[in-house]
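Just follow the structure's listing: the first ligand is 1, and inside any ligand the first atom is 1.
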Amino acid sequence: MDDDPVVETGFTSRTAVEPPEPFVEQANVDESDVAAFDASWPECWRRAADLLEWETPTDEVIDRTGDRVSWFPDGRLNAAYNCVDRHLAERKNQAAIKWVGKRGETRTYTYLDLYHEVNEFAAALRSLGIEADDVVTLYMPAIPELPVAMLACARIGAPHNVVFAGFSAQALAERMDRAGSELLVTCDGYYRRGNAVHQKNKADNARIMASQEVSDIVVVDRLGDEEVHLGDGYHDYDELVADHHGAEVEPVTREADDELFVIYTSGTTGQPSGIRHTTGGYLAHAAWTSHAVLDLKPDDTYWCSADIGWITGHTYLVYGPLALGTTTMLYEGVPDHPEKDRVWELIERNAVDVFYTAPTAIRAFIKWGADHPDAHDLSSLRLLGTVGEPINADAWWWYYEHVGNGECPIVDTWWQTETGSILVSTVPGVDEMKPGSAGPPLPGIDATVVDETGESVAPETGGYLTVTKPWPGMPLDLPADGEPDDEDWRYVTEDAARIDDDGYVTVLGRIDDTVTVQGHRLGTMELESAIADVEGVAEAAIVDVQTPGGGSTVHAFVSTDEGHKGVDGLRERITANVERTIGSFATPGVVVFTPELPKTRSGKLLRRLLKDIASGQELGDTSALRNPEIVGEIESALDGE
Ligand code: WTA
């Protein structure tokens, strides 16, 4: 413990922090709730289900007798009804969505406005032939029409397939094909740091590339300043909604286990895999964790800075907060435009109560300087959250002091696209916080760290983070080990972690072949093949290299056919191909040309060695290499970067 780094605040990373008393007094969940929850698995999860309104309430909490685990198996409900209609009686004039556009525009949808817009767009979808179980692809930036379209789909029982707006035409086509989606909702374009991104052009190209026929494309007019040509099969969003003005669509009754949406994520394979989340279990878990971990109350103004295109945006920008009747903010812009205090200005102006962001954003805030948050009145804040990567202790303390003024608990929430909702975090009004460690598995969640043979390891020993009991937010096709009713049923998370004597989980990072690019999870194979496909490239290896202040930079090591450096604009062609196949957000931070990649005698690529070289680590024994001389060449190529 003594050699723990002492950060600038004078605290060590192991200093435990008690939740501030004023917070504890008003917290949604207290110690007795946690004790009751822990004592009664699986019945405890009824409490999550009770946060929703069911058309047919559930008798059973869990059914493990079929070929998969089912939550609330005999319950029936509609997700859009739960996120919109049922709040009308008490809060129809309260803001549901507060939108801040890139150019400073604002738009507020009350729950009543949201009700109308969702109904009208649901009627429009029906008029285009969409029925329950048809998949609808949504490809939009952070504009209100995106959550409206998600809820309109949910209302008629059509699973949505949201594709992050930064993905390329090819990536979009792939995701539409895999999901079997015939309808696409997109926009004409949007501005990114002052440049127009022609979203519709990408959608047009995806329509041509897709093998499945995309019969209709709905286009939202976001730019508003130019005439957009809409050919055959294209529809203007505003006209469609106007055509269905005043329409009301009966919410379609769904079984708890019916699919609410599909979202694609990167894993060990080269192909993105579709994760299908359920209507009942997912929504109950999203609502419960928004209540218990983010401590959301209906009166709150809450800001989750994630993009809706990723799971965090689905669960904690749209479904969780709206299920609880909260005001959720949707911000289209970037955090440093027009000034580097943009985030703090928005928190102050909107009196945000709860702010949920990612460590990568916090590290950028730290770089820009504490003067920015310090210059604003952030006293409306009650709770802060982080998600997506481990947060280093220094960043934690900075966030605690400069944003939370030492008065807001921080929840460091661990979860994944596959888990649907948060599984590991402190309960903010109950547990002490340990900066750098996410916290214990939440009440009702069982997790352990195991070694290669599947045995639990001793405290403080690294291993594979494994969830040992099902949870309501689990997807339909979770790659779990064991039969649903097995004592040994488990889900291995692909994360390395260790657990301390108090049961706190410290996440160490992914163990599979994925990397995090600007907070987004991508497969190394997806990136490597996008690079290897470029003419002149022989082979590529992608590794994530830790940077000193926490965080990481993706390095691409590239060997060329001719064995020489990036000639003929090779570097530019690599960037262009990554942009074409995945999207410009995925471009590696560093590209290093090398005559060969380091390989063992049996031809196995040594990614770990590349990582050590790039991070300036002491290199171990390199005698297993077929080409040990390559190490020096790579080192000098890196020096030239
Ligand atoms: C990582 C994002 C450390 C982890 C919700 C996980 C974290 C992957 C944390 C999932 C955290 C998420 N501390 N690491 N609090 N939260 N991760 O699917 O490696 O985009 O497996 O879901 O992010 O990424 P995904």
- Query: Side chain or backbone of Ala438 under 4.0 Å from ligand 1, or both, or neither, by non-hydrogen atoms?
  - Reply: neither

- Query: Hey, looking at atom 2 (C) of ligand 1, which of Ile311, Thr514, Ile422 has the closest heavy atom?
  - Reply: Ile311

- Item | Derivation and outcome, side-chain contact (heavy atoms from CB on, under 4.5 Å), residues Met433 and Trp396 | CA-CA 10 Å; Met433 300 164 271; Trp396 193 101; 3.7 Å; yes

- Query: For the residue pair Tyr319 and His314, is the inter-centroid distance of their aromatic rings smaller than 6.0 Å?
  - Reply: no

- Honestly, for Asp495 the part within reach of ligand 1 (heavy atoms, under 4.0 Å) is side chain

- Task: With Arg178 as the cation and Tyr264 as the aromatic partner, state whether NZ or CZ is under 6.0 Å from the six-membered ring centre and within 45° of the axis.
- Result: no

- Query: To which protein heavy atom is atom 21 (O) of ligand 1 closest, and what is the distance rounded to 0.1 Å?
  - Reply: Arg510 NH1, 2.7 Å

- N/O to N/O below 3.5 Å, does that happen between Arg521 and ligand 1? yes

- Query: Between Tyr400 and Trp397, does the ring centre distance come in under 6.0 Å?
  - Reply: yes

- Taking only heavy atoms of Thr312 into account, list the atoms of ligand 1 that are under 4.0 Å away from them. 5 (C)

- Among Thr386, Val505, Ile422, Thr493, whose side chain to side chain contact (heavy atoms under 4.5 Å, CB included) with Trp414 holds? Thr493

- Task: Considering non-hydrogen atoms only, spot the tightest contact between Gly523 and Ser266 and give its length.
- Result: N-CB, 3.2 Å

- Between Tyr331 and Arg342: side-chain donor-acceptor atoms closer than 3.5 Å: yes

- Side chain, backbone, both or neither: which part of Ile391 has a heavy atom under 4.0 Å from ligand 1? neither

- Message: Please find the pair of heavy atoms, one from Cys408 and one from Leu381, that lie closest to each other, and give the distance.
- Response: SG-O, 3.3 Å

- Shortest reach to atom 16 (N) of ligand 1 by a heavy atom, considering only Gly313, Ala496, Gly388: Gly388

- Message: Tell me whether Thr413 has any N or O atom under 3.5 angstrom from an N or O of ligand 1.
- Response: yes

- For Val507, the ligand 1 atoms with a heavy-atom partner under 4.0 Å come out as 3 (C), 14 (N)

- Message: Can you tell me how the ring of Phe355 sits relative to the ring of Trp303, calling it parallel under 30°, perpendicular over 60° and tilted otherwise?
- Response: tilted

- Task: Determine whether any heavy atom of Val387 lies closer than 4.0 Å to an atom of ligand 1.
- Result: yes

- Task: Flag Gln416 as yes when one of its N or O atoms lies below 3.5 Å from any N or O atom of ligand 1, and as no otherwise.
- Result: yes

- Could an N or O of ligand 1 be found under 3.5 Å from any N or O of Asp412, whether backbone or side chain? yes

- Task: State yes or no: are the ring centers of Phe365 and Tyr399 separated by less than 6.0 Å?
- Result: no

- Considering only the protein, which heavy-atom contact is closest to atom 20 (O) of ligand 1, and what is its distance? Thr417 OG1, 3.8 Å

- Item | Contact check, Trp310 vs ligand 1, heavy-atom distance below 4.0 Å | no

- Query: Is there any N or O on Thr386 that sits under 3.5 Å from an N or O of ligand 1?
  - Reply: no

